[in-house]
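Just so it is clear: chains get the letters A, B, ... in the order the sequence lines come, proteins before strands, and each one is counted from 1.
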4 protein chains.
Amino acid sequence: MPKTLIKVDLSQSAYDNDMVHNRWHPDVPIVAWVDPGDDFVIETYDWTGGFIKNNDSADDVRDIDLSIVHFLSGPVGVKGAEPGDLLVVDLLDVGPVKESLWGFNGFFSKQNGGGFLTDHFPLAQKSIWDFHGLYTSSRHVPGVSWAGLIHPGLIGCLPDPKLLETWNAREAALIATNPTRVPGLANPPFGPTAHMGRLKGEARDKAAAEGARTVPPREHGGNCDIKDLSRGSRVYFPVYVPGGGLSMGDLHFSQGDGEITFCGAIEMAGWLHLKVDVIKGGMAKYGIKNPIFKPSPITPTYKDYLIFEGISVDEAGQQHYLDVHIAYRQACLNAIEYLKKFGYSGAQAYSILGTAPCQGHISGVVDVPNACATLWLPTEIFEFDLMPSSAGPIKHIKGDVQMPISPDK
Amino acid sequence: MPKTLIKVDLSQSAYDNDMVHNRWHPDVPIVAWVDPGDDFVIETYDWTGGFIKNNDSADDVRDIDLSIVHFLSGPVGVKGAEPGDLLVVDLLDVGPVKESLWGFNGFFSKQNGGGFLTDHFPLAQKSIWDFHGLYTSSRHVPGVSWAGLIHPGLIGCLPDPKLLETWNAREAALIATNPTRVPGLANPPFGPTAHMGRLKGEARDKAAAEGARTVPPREHGGNCDIKDLSRGSRVYFPVYVPGGGLSMGDLHFSQGDGEITFCGAIEMAGWLHLKVDVIKGGMAKYGIKNPIFKPSPITPTYKDYLIFEGISVDEAGQQHYLDVHIAYRQACLNAIEYLKKFGYSGAQAYSILGTAPCQGHISGVVDVPNACATLWLPTEIFEFDLMPSSAGPIKHIKGDVQMPISPDK
Amino acid sequence: MPKTLIKVDLSQSAYDNDMVHNRWHPDVPIVAWVDPGDDFVIETYDWTGGFIKNNDSADDVRDIDLSIVHFLSGPVGVKGAEPGDLLVVDLLDVGPVKESLWGFNGFFSKQNGGGFLTDHFPLAQKSIWDFHGLYTSSRHVPGVSWAGLIHPGLIGCLPDPKLLETWNAREAALIATNPTRVPGLANPPFGPTAHMGRLKGEARDKAAAEGARTVPPREHGGNCDIKDLSRGSRVYFPVYVPGGGLSMGDLHFSQGDGEITFCGAIEMAGWLHLKVDVIKGGMAKYGIKNPIFKPSPITPTYKDYLIFEGISVDEAGQQHYLDVHIAYRQACLNAIEYLKKFGYSGAQAYSILGTAPCQGHISGVVDVPNACATLWLPTEIFEFDLMPSSAGPIKHIKGDVQMPISPDK
Amino acid sequence: MPKTLIKVDLSQSAYDNDMVHNRWHPDVPIVAWVDPGDDFVIETYDWTGGFIKNNDSADDVRDIDLSIVHFLSGPVGVKGAEPGDLLVVDLLDVGPVKESLWGFNGFFSKQNGGGFLTDHFPLAQKSIWDFHGLYTSSRHVPGVSWAGLIHPGLIGCLPDPKLLETWNAREAALIATNPTRVPGLANPPFGPTAHMGRLKGEARDKAAAEGARTVPPREHGGNCDIKDLSRGSRVYFPVYVPGGGLSMGDLHFSQGDGEITFCGAIEMAGWLHLKVDVIKGGMAKYGIKNPIFKPSPITPTYKDYLIFEGISVDEAGQQHYLDVHIAYRQACLNAIEYLKKFGYSGAQAYSILGTAPCQGHISGVVDVPNACATLWLPTEIFEFDLMPSSAGPIKHIKGDVQMPISPDK
């Protein structure tokens, strides 16, 4: 049995676990050292540290203080890893906590984080998903069930001081272009809710004031929310500090490309079984800036897709220039409209797109002025036939089940 | 044997074939009528009407007048199809012209159309790809070979006058924001090089002056350049005019997601074997705005991917807000840098990403401020092992073969 | 365009084409020579040389003289290939004759060849399958349609005299154990209907009297009827005579594992586009006795199977010892019984199992006394839902369409 | 968390666990009852009840008394299930015991059970396979590693008295044809080592004397050893006794088609998470004799196969009539010969074929007199390139690691 290097107790506050942190900073002390070739287990909180509950109210989604996320387990040091190396990480397996076989998906209020379709779904909503072995289903979203593509939404190595400074500088510059925007353009360092792991006292306060927030993906990987970086895959991470300092969390039982609901995928507490190795000087040898990875041979084989197209003309009919973000939003809205014809509420349809193993493809990015994006919806996850026919759609979903919603206060 | 409704003679100018047109306009006369349930064959020119030649110079790519594209075969009318219906199109098969078993891929000069990475590859370049049964390879890009995912880059129904007006208005508004930009933000109607099929005289001139250019994908589908809309797939197109008026062209032997090289995929002349049917009132029944489709059961099963990540921080280090276009560009640049370590020139690497069955995924679009996009490179297409190892990359490609390049005049 | 080395004229008797032969013998003269690295096209008759017609009578299936089969195109010589080498054959593409877009499937009468389930289907029956681009369907078997997994049923190199003698000796010994069995245990050489290609006169007569029949697969490959040896695959054949002498035919548009209907798959006339190469001394280097191959990246991706089990207890309840043949027969009979519940006749169900891309797995061969075999039926080929449910099966097939049958004379 | 209905303690003899049995008999008392729709967990011993140890000697494989197998957990009763129903079983997940992350594979001595290739490997041998999350590798078989296709080798419902009598009668008749054969043609009931669960006293002795051995697959499923009946699949079992009486065991971390090594797959102790439901009268409704099943969407996606052919001519050159068993043996022997060229011992190669997710296809069963079978070897499981090349094979395996072997006493 592999050794569990970091344990979490779901009944304890994540702030009280000193092998957890929620900011990126080179000074976060490494909490465990391993050798290249070792395999070991790391337990993690869900990204909110247990704030979101398994109930039928979206109040927690509405009320959460997003400055507390993400609670990461680590950093783990790998002996001999030095700046410029590649850290090879095998995700040998990933799973939920045995005593907590459920996850949540939600939409943040536009007043508190928002999301990809926040103009269409501006209020806090939530759905709870239960895990049945390899499968998941929800009491709030009927008619669908699928096998999970389990993965860590967030994993990466500690930045060095220079990289951290680069991050903070460029994000501050972006915020400065519209500092009062709601939701904000980016999240600056914020000391009060920072959890700096084992760092204490003044050193802690200084690092907390500088520590990069964990929300965006960056050069080191971080919060990539890539559904295919799943159990069984092998990832090559850039190393910036001695030992690498690998941290991780934000586990997802399943997610669609884009994690469009932001809160988020099917979020859960869980564990990762990892094996690590080092490629000396790998960053220069292979010209690596961001992590690269090889996907897993064990992934759901859903392949009967219904594919929706979207172009970069927005909901108001305005033309944008090769904007894939808008094109993908249109593809998603098109899919939601389609699913409503079978009886789903818009929120339920949105939740399906955010949580099921949907693919989002950048299909065309050169045919000015329209980008074309496609959303691939796996039809096998539905209990009924979702394809178009001359008879027209059947309302299989009766509307008697709805997702909890919480108006802004 | 199915009937060939539209024939093309590659030795004849596309302008002399009155079953071909290169603008979208409701007045382009339907050239052939079929019944629902019929299957038939349509031949097409390559998108440039034969301008690009099978040789070792990129001068043609540099010098092409892009106002002539795309030469489409059609429109075909389907009896009984009316506005609001869905036209069901089975792409029973698609292939190259038997006497012309090659295709081209290129980069336009930044002065003449540009492309996704035009700032990195500002000059005209070209590679020629030969077809060997199901496979393709290039004398300009060594070390790779793969089975084609053959598809029409462009297919869709004629717009009605109102939709046409919407297109022209919104694109004109975009152009007006920066009318002198090179390359242009969009392409306005342009009568002189318009080919309006069988429309003649004043009616032709009026329509030519209004006809929407074929470059962007739009609500009707059109130039979507979706590699997965391939032979064997079934597409549901919105119908706007009586009979539908289905036109198509821009056949690709293979393409990566995004068609990032713009000129373009592996472009070829060829034929489509189609079957059509109608779902009456399907647009409203299913809430359809853009086409939807079911992919083919016959596609290359490449699945051993090496995946590159990119985030929305541009080459200069500037932070952008959830910009998937920039994130995908970074993922592509990361892949190019990687391939160069194995001996490819940047242009060859770029050409591989544009032509091979690469996937481009919208992996994360909510983690402010960074979008995350991934480029999936199938490793099976390489003659050598492309994975990272502790030994470092081997220069399998010796640099003795290069892609033709033509400096701007 | 690749050169067509062997042409066939479907309106001409196969006996009149001297680039065709129907027996294996080292003296059959090579009709065309190619170099390693060459690619070229070979046309072929269907295996019966056109005896079976596109009509609604099974009389031809009943009356055929099976001593005439299989009409093979070749032999092709590869310069430099010598005994002990491996001939590397890329099946670049395979397809039907453009003017003959149909194939046949049938059951031979038990009096004339029989088949896998001849005790259950003792009379001649036939179904005709039309090709629609990548797809096939039948006017005799409603409710199913699928993409073809096109392949040559028969391909291999000429034997040398010693190997030929081995074949004839061991098969004669088997026949001798029950020489009057109907159908026969094997087919001995038979001169009168032999077609020895360009061999003429006495030499022809001698070789015709010795030439091995083409029915069974043997060390050289030959009539393997392996559905996965399909277009896009690469095969490594043992070489026994100078030049190899590669011959081929018996093209199938589609077939299930086992080709259980014997007459046969969906049989057609067509063409192959091949590329050849040689591995010197490859047989000894790799310890090769029978051909090995790498399957194609382009195959139908059907994967939603319903799987039927069978064990080696026969229809009469008798126990056999680890007999996979009987176990697979039971799995097939179980599937037929199941399909009948949806309205198919037994013959139609049998025809589906013989022609669709079903898999037949040897699941267990050590658990004495029962072998276990499984038949994998792809559910996507059916127009209706084939899975079990608590509501029970629905008779989607109304019984108004039947397969032609011809009683023995 | 689902409830664990049956627990096993690996440190306790399986004979002392009264929720375990090793014979099929209608009188074995049901140990737990569930409702349709329930999900629950069942723990199991490995098939030998812990006899085979994680060490480097094959003595245990040589010395095992095979009359003790298989130790099954159950029977579980499903309320309302009656003879003639179908029991729908979802294998929600299956896994190894957390404290016992290893499995064994071996060959029995020809004197004690033998196996598929017992004439070639007549002595007891063993390899130990360690589990690393989703993957397995062996200290006795270098150079290979793969993701497990985890499944129960044995699962099924209790027979009714009539079915049991049928089994015993037909197997006794077979044994009677050669009662002294080594290994035996089948295994008759054998009371002394029978474990009849909670049945005690005279009832136990009577049932023990009649109880069918668990080795062969039969109408109820049982020891099918079908690798694709894996976690995530749904199985439909015939019901013969009130409540069904579902028992299971013989878990495999991985296995090749045929389980050719007999001892066996990668055998392990573990657990199953199941969900059950009932289709009333399903056996008649669907014409079911043997179980049918739908495979899992979560299976390893290995697909780059090297395929070996075999025909029904045995090692001595003797011709057999359409014997798939012999044809598959030849395909396996051909693969072993090939693997030896890369440095493997024959035993290691045999072990790979028995444990890796190899496919065994019944490719042709009508081309008299030769059946054709194919063995599909996934090349991705090897650390080196296994394909043929003109350079010839490289001895990647140095021969310094061997599998334990134990001569007969």
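- Heavy-atom distances place the side chain of B:W376, and not its backbone, under 4.5 Å from chain A.
- For B:R234, no part sits under 4.5 Å from any heavy atom of chain A, backbone or side chain.
- With a threshold of 4.5 angstrom between heavy atoms, A:Y338 approaches chain B through its backbone and through its side chain.
- Contact annotation for B:L229: only side-chain heavy atoms (C-beta onward) come within less than 4.5 Å of a heavy atom of chain A.
- Listed options B:G364, B:S390, B:A186, B:S363 were ranked by heavy-atom pairs under 4.5 angstrom with chain A; first place goes to B:S363.
- With a 4.5 Å cut-off on non-hydrogen atoms, B:L86 does not touch chain A at all.
- Interface check for chain B: of the options A:Y305, A:Y286, A:F308, the most heavy-atom pairs under 4.5 Å are formed by A:Y286.
- For chain A, the nearby parts of B:E309 are the backbone and the side chain; heavy atoms of each come within less than 4.5 Å.
- Only the side chain of B:V313 comes within less than 4.5 Å of a heavy atom in chain A; its backbone stays farther off.
- Of the two parts of A:R218, the backbone and the side chain both hold a non-hydrogen atom closer than 4.5 Å to a non-hydrogen atom of chain B.
- Ring geometry, B:H361 versus A:H361: the interplanar angle falls from 30° to 60°, so the pair is classed tilted.
- B:A371 touches chain A through its backbone: at least one of N, CA, C or O sits under 4.5 Å from a heavy atom, while the side chain does not.
- Using a 4.5 Å cut-off between heavy atoms, B:A373 touches chain A through its side chain atoms alone.
- Contact of B:F116 with chain A is made through backbone and side chain together, with heavy-atom distances under 4.5 Å.
- Looking at A:H325 and B:V365, their side chains come closer than 4.5 Å, going by heavy atoms from C-beta outward.
- In this structure, the portion of A:L174 lying under 4.5 Å from any heavy atom of chain B is its side chain and not its backbone.
- Listed by sequence position, B:I279, B:A284, B:K285 are the residues of residues 277-285 of chain B in contact with chain A, using a 4.5 angstrom heavy-atom cutoff.
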Starting from the C-alpha separation in whole Å, work towards a yes-or-no answer on side chain to side chain contact (heavy atoms under 4.5 Å, CB included) for A:I311 and B:N290. CA-CA 9 Å; A:I311 57 173; B:N290 300 69; 4.1 Å; yes
Kindly indicate, with the supporting measurements, whether the criterion side chain to side chain contact (heavy atoms under 4.5 Å, CB included) is fulfilled by A:L185 and B:V368. CA-CA 6 Å; A:L185 287 171; B:V368 291; over 6 Å; no
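- With chain B as partner, the option from A:G287, A:G392, A:P295, A:P388 having the largest number of non-hydrogen pairs under 4.5 angstrom is A:P388.
- For A:I326, no part lies near chain B; criterion is any non-hydrogen pair under 4.5 Å.
- In this structure, the side chains of A:M387 and B:K294 come closer than 4.5 Å at one or more pairs of heavy atoms.
- Contact annotation for B:E219: both backbone and side-chain heavy atoms come within less than 4.5 Å of a heavy atom of chain A.
- Proximity to chain A is absent for every atom of B:S233, based on heavy atoms less than 4.5 angstrom apart.
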